[in-house]
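Just so you know, these numbers use all the heavy atoms, side chains as well, and skip hydrogens, waters and symmetry mates. The chains referred to below are lettered A, B, ... by the order of the sequence lines, with proteins before strands, and numbering in each begins at 1. Just so it is clear, the model here is predicted, and its values are computed rather than measured.
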Amino acid sequence: MSRSGIARTLTYLSLVVASVVVLLPLLVVQLTSLKSEKEMANDSGALQLPDDLLNFDNYVTAFQDGRMLSAFGNTAFILLFSVTATVIIGSMAAYAIDRYTFRFRKLVVALFLVATLVPGVTTQVATFQIVDSFGMFDSRWAPIVLYMGTDIVSIYIFLQFVRSIPVSLDESARLDGASAFTIYRKIILPLLKPAIATVVIVKGITVYNDFYIPFLYMPSEDLGVISTSLFRFKGPFGAHWETIAAGAILVILPTLLVFLFLQRYIYNGFTRGATK
Amino acid sequence: MTDTTEKAARPKEAAPAARPARAPRRLRLRRGLTPWLFLAAPLVLLITFTYAPVANMVAYSFTDWDGVSPELSYTGAENYVELFTRPELFEVFFVSGYYLAASVIQIVAALYFATVLSFNVRFRNFFKGILFFPYLINGVAIGFVFLYFFQDGGTLDSVLSLFGVHSDRAWLGTPVSANVSLAGVSVWRYMGLNFVLFLGAIQSIPGELYEAAELDGANRWHQFRYIIAPGIRPVLSLTVILSISGSLSAFEVPFIMTGGATGTETFVIQTVKLAFQFNKTGLASAAAVVLLLIILAVTWVQRRLVPDDKVDLV
């Protein structure tokens with residue numbers, strides 16, 4: 001084999017090894033989720049195939065006893081409100097910052113900028129007191145306001161896009177008598193569609209997967225979102241790995257579907273979201 | 001920060017154009033008010049949930065408050081002294097070392113795969129998807145997947161026994177192997193994000209550069225060293241900051257998998273426990289202030305070292 005041939009083989013080898021490292025833990029959990037309690041007790045080893053590849057009993061148990069239905073419901077509720085609010089708030093802020101010159105504009109921008117440097121995990125001790133004083137502790141509004149209030153990345157993404165919309169569009173609308181809000185509603189917002197898609201995806205995935213905030217702010221059992229409900233599997237299902245595995249797969253599945261359908265947008269979203 | 005807030009040159013279009021010269025007074029007043037109407041909600045949220053907590057946190061850190069009772073007394077720097085003198089409170093910083101080491105591996109691997117997959121490779125999108133996907137998975141699900149992975153007779157032991165290695169050890173049983181295992185899970189989880197960021201940056205480098213370099217007889221290593229590496233410097237430095245602050249504030253994976261047992265307690269786990277289990281809000285606030293200061297210092301140093309960071313926000 002020539003030298004470049006060897007290099008090529010090694011390249012592919014490294015890619016295959018990496019893929020196995022990524023997929024193997026997930027595949028094994030998927031297999032485990034199809035095993036019966038008896039099979040698990042027989043201790044046949046994690047790599048053993050299940051006897052019945054269509055045994056979905058564990059999924060039923062996980063879904064019902066793990067209260068996954070209410071978990072998906074709570075997650076959907078929080079997602080809907082926080083993502084919508086993030087889009088509206090972020091685009092309004094970006095519109096005001098880009099299209100207007102006003103006093104303290106630089107200060108406002110600096111406030112948003114410096115806030116990115118404060119990692120959310122460090123301030124929760126104090127944030128908790130504020131959320132509590134509003135009476136929002138242990139309600140679904142606590143995570144919603146926190147997701148709305150801490151999202152600076154989306155403002156940046158919107159800023160990039162608002163900037164690329166020609167000002168002449170605003171101006172001709174203003175000559176036709178449109179107010180600032182009409183311009184935002186009828187001209188800016190529709191042209192922001194690609195940015196909105198990016199923000200919805202990035203924000204949606206973050207909210208869907210977040211554990212820390214719901215864990216701290218919504219301790220009630222019936223307020224579980226998918227992360228905290230899955231976390232509670234540790235107690236009742238302690239040693240029942242087949243049920244825990246089914247729960248984990250149930251939570252991963254929607255992400256996988258969204259990823260397969262929206263791959264290209266997701267990559268773009270994350271490249272944009274993180275570098276800006 | 002001044003360099004970032006300054007108006008960068010905007011080639012595409014001019015700054016918000018001058019308004020028609022003299023509007024009547026009432027109209028002018030309304031114009032002056034308009035941006036604030038749009039900014040009211042975001043600013044209120046920003047101040048309530050970011051700046052007010054930071055200010056309160058600094059204030060709490062000088063008190064002995066328990067987070068519940070109405071009484072609290074000023075204790076000066078006592079919390080900070082306690083933090084730095086009680087070894088068990090300080091130890092959590094050493095745990096971050098494991099995550100820091102893991103981020104080095106993570107960045108190198110991400111760079112390698114991003115470089116390889118930016119050239120023509122068969123099944124490129126397939127590999128790209130596989131490498132990125134873990135980043136999108138729910139943290140709790142990942143925790144469970146890897147708890148099972150590291151179990152006695154779990155995935156790892158089964159794979160090892162395929163190769164004839166029979167390990168009779170609990171992977172999460174001793175502090176060192178537990179921390180190494182948990183840091184490994186972080187690499188598994190976050191490598192994909194770095195990889196996609198690098199890939200995006202590499203793809204924005206014009207292709208002619210490689211062609212020209214190839215004509216000049218450059219091999220892949222030369223291309224990486226002289227074209228790719230300088231081209232992705234801003235993203236690379238961003239990744240370094242994210243990795244350092246991520247290592248210092250590691251929480252989810254260790255909390256879900258071990259709850260901080262066997263020497264895997266990280267700084268954030270400790271802070272959460274102090275504040276919400278032991279009701280030591282004052283001490284927890286001091287800990288959080290220390291973490292915040294470290295992260296701000298890291299960011300500041302990085303900005304000094306890589307000043308040409310391309311940040312054109314406004």
Checklist entry - Side chain, backbone, both or neither: which part of B:Pro134 has a non-hydrogen atom closer than 4.5 Å to chain A? => result side chain
Checklist entry - Quick one: what part of B:Val268 sits under 4.5 Å from any heavy atom of chain A, side chain, backbone, both or neither? => result side chain
Checklist entry - Side chain, backbone, both or neither: which part of B:Thr281 has a heavy atom under 4.5 Å from chain A? => result both
Checklist entry - Given that the side chain runs from C-beta out, which part of B:Tyr51 has a heavy atom under 4.5 Å from chain A: side chain, backbone, both or neither? => result side chain
Next on the checklist: Using a 4.5 angstrom heavy-atom cutoff, name the option from B:Leu291, B:Ile137, B:Leu199, B:Val272 with the most pairs to chain A.
Outcome noted: B:Ile137
Next on the checklist: Report which part of B:Ser161 has an atom under 4.5 Å of a heavy atom belonging to chain A: side chain, backbone, both, or neither.
Outcome noted: neither
Checklist entry - Can you say whether B:Val121 sits under 4.5 Å from chain A via the side chain, the backbone, both, or neither, judging by heavy atoms? => result both
Item to check | Portion of B:Phe123 that has a non-hydrogen atom of chain A nearer than 4.5 angstrom | outcome: neither
Item to check | side chain to side chain donor-acceptor pair (under 3.5 Å) partners of B:Tyr190, counting only residues at least two apart | outcome: none
Checklist entry - For A:Phe158, what residues pass the ring-ring contact (aromatic ring centres under 6.0 Å, His included) criterion, not counting sequence neighbours? => result none
Checklist entry - Between A:Asp170 and A:Arg99, does at least one N-O distance fall below 4.0 Å, as a salt bridge requires? => result yes
Item to check | Working for side chain to side chain donor-acceptor pair (under 3.5 Å), residues B:Tyr60 and A:Gln129 | outcome: CA-CA 11 Å; B:Tyr60 295 155; A:Gln129 308 298 337; 5.0 Å; no
Next on the checklist: Which atoms of B:Leu296 are under 4.5 Å from chain A, going by heavy atoms: the side chain, the backbone, both sets, or neither?
Outcome noted: side chain
Next on the checklist: Counting only non-hydrogen atoms closer than 4.5 Å, does B:Ala275 touch chain A with its backbone (N, CA, C, O), its side chain (CB onward), both, or neither?
Outcome noted: side chain
Checklist entry - Between A:Tyr184 and A:Tyr95, how do the two ring planes meet: parallel, tilted or perpendicular, split at 30° and 60°? => result tilted
Item to check | Residue part contacting chain A, namely of B:Ile295, when any heavy atom lies under 4.5 Å | outcome: side chain
Next on the checklist: So for B:Phe146, is it side chain, backbone, both, or neither that comes closer than 4.5 Å to the heavy atoms of chain A?
Outcome noted: side chain
Item to check | Top of B:Asn125, B:Ile142, B:Ile130 for chain A proximity - count of heavy-atom pairs under 4.5 angstrom | outcome: B:Ile130
Next on the checklist: With side chain to side chain contact (heavy atoms under 4.5 Å, CB included) as the criterion, how do B:Phe133 and A:Leu256 come out once you've worked through the C-alpha distance, each side chain's angles and the decisive distance to 0.1 Å?
Outcome noted: CA-CA 8 Å; B:Phe133 185 61; A:Leu256 180 64; 3.7 Å; yes
Checklist entry - Under 30°, 30 to 60°, or over 60°: which ring-plane class applies to A:Phe270 and B:Tyr135, parallel, tilted or perpendicular? => result perpendicular
Next on the checklist: Could you check whether atom CZ of B:Phe126 has more than 12 heavy atoms from other residues, nucleotides or ligands sitting under 6.0 Å from it?
Outcome noted: no
